[in-house]
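Residue indices begin at 1 and follow the sequence shown. What's counted below: heavy atoms across the whole structure, side chains too, no hydrogens, waters or symmetry copies.
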Amino acid sequence: MGPDNDRRPWTVRTGQGQCRLWSGPCSDCLLSEILTRCDGTQAWKLALHLFWLAVAFADADEPEEVANAASRMLDMSADLTGDRTTRRARLVLVRLKSYADVPQVRELLTRSPMSV
């Protein structure tokens, strides 16, 4: 495990806090930058980080960014099974329903079977 991987959990948590507390655009937050460096070999972990990012975007009232993160999260977790994965996806989709008038959100809700 390299030094970058040793700091990743701390950096991810810091990014979550930054997205929730920062007054600037959440898309510029540390968590967004961290996800660009994830290699995707552990789909469950990347999907979890995308869930955290989607929730942070929802908290920051950025529906387009929620839809983008949620779409990536759903794609990454499509082959994963488990109650936690399903609960996370449903939670994000429920949060998105209040933004159904936003085109990216509407498209995601339309294509997702869990959004019913």
Side-chain angles (χ1 to χ4, degrees):
M1 189 178 277
D4 189 43
N5 288 336
D6 293 340
R7 290 189 307 255
R8 186 169 291 158
W10 177 86
T11 308
V12 167
R13 293 289 187 193
T14 301
Q16 281 182 276
Q18 181 188 29
C19 283
R20 288 188 175 169
L21 300 173
W22 194 23
S23 61
C26 191
S27 56
D28 293 336
C29 77
L30 183 60
L31 191 53
S32 296
E33 191 266 322
I34 292 164
L35 289 172
T36 63
R37 294 183 291 165
C38 289
D39 63 10
T41 57
Q42 292 182 310
W44 69 270
K45 189 179 283 189
L46 183 55
L48 175 62
H49 293 350
L50 286 165
F51 165 74
W52 288 336
L53 184 61
V55 169
F57 284 141
D59 290 345
D61 197 30
E62 295 190 31
E64 294 89 355
E65 296 296 335
V66 178
N68 291 336
S71 180
R72 288 180 59 204
M73 177 196 74
L74 292 170
D75 291 345
M76 289 299 302
S77 59
D79 295 330
L80 302 175
T81 58
D83 291 339
R84 283 186 277 178
T85 302
T86 302
R87 280 194 311 264
R88 286 183 194 118
R90 283 197 176 124
L91 176 68
V92 169
L93 292 169
V94 165
R95 298 276 308 262
L96 277 171
K97 285 185 180 185
S98 63
Y99 299 109
D101 58 324
V102 176
Q104 296 94 322
V105 173
R106 188 172 39 253
E107 188 275 325
L108 179 62
L109 292 174
T110 301
R111 77 174 172 98
S112 178
M114 279 190 247
S115 65
V116 181

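Of the residues Val105, Val66, Leu74, the one that meets the side-chain contact (heavy atoms from CB on, under 4.5 Å) test with Leu93 is Leu74.
Taking every heavy atom of both residues into account, Ala70 and Val92 meet most closely at CB-CG1, 3.4 Å. Closest non-hydrogen pair, Tyr99 versus Ala58, comes out as OH-O, 4.0 Å. What you find for Leu109 and Ala100 is that their closest heavy atoms are CD1-CB, 4.2 Å.
The distance from the CZ atom of Arg106 to the NZ atom of Lys97 is 15.0 Å, given to the nearest 0.5 Å. Here the straight-line distance linking atom CZ of Arg88 with atom CG of Asp83 works out to 10.5 Å at 0.5 Å rounding. The CG atom of Leu53 sits 10.5 Å away from the NE2 atom of His49 when rounded to the nearest 0.5 Å.
By the 4.0 Å N-to-carboxylate-O rule, Arg111 lies close enough to Asp75 to be salt-bridged with it.
In this structure the side chain of Phe51 reaches within 4.5 angstrom of the side chain of Leu91, judged on heavy atoms.
A distance-only check finds a donor-acceptor pair linking the side chain of Ser77 to the backbone of Met73 [under 3.5 Å]. No side-chain donor-acceptor contact under 3.5 Å links Ser71 to the backbone of Ala67.
The number of heavy atoms from other shown groups lying within 6.0 Å of CZ (Arg84) does not exceed 12.
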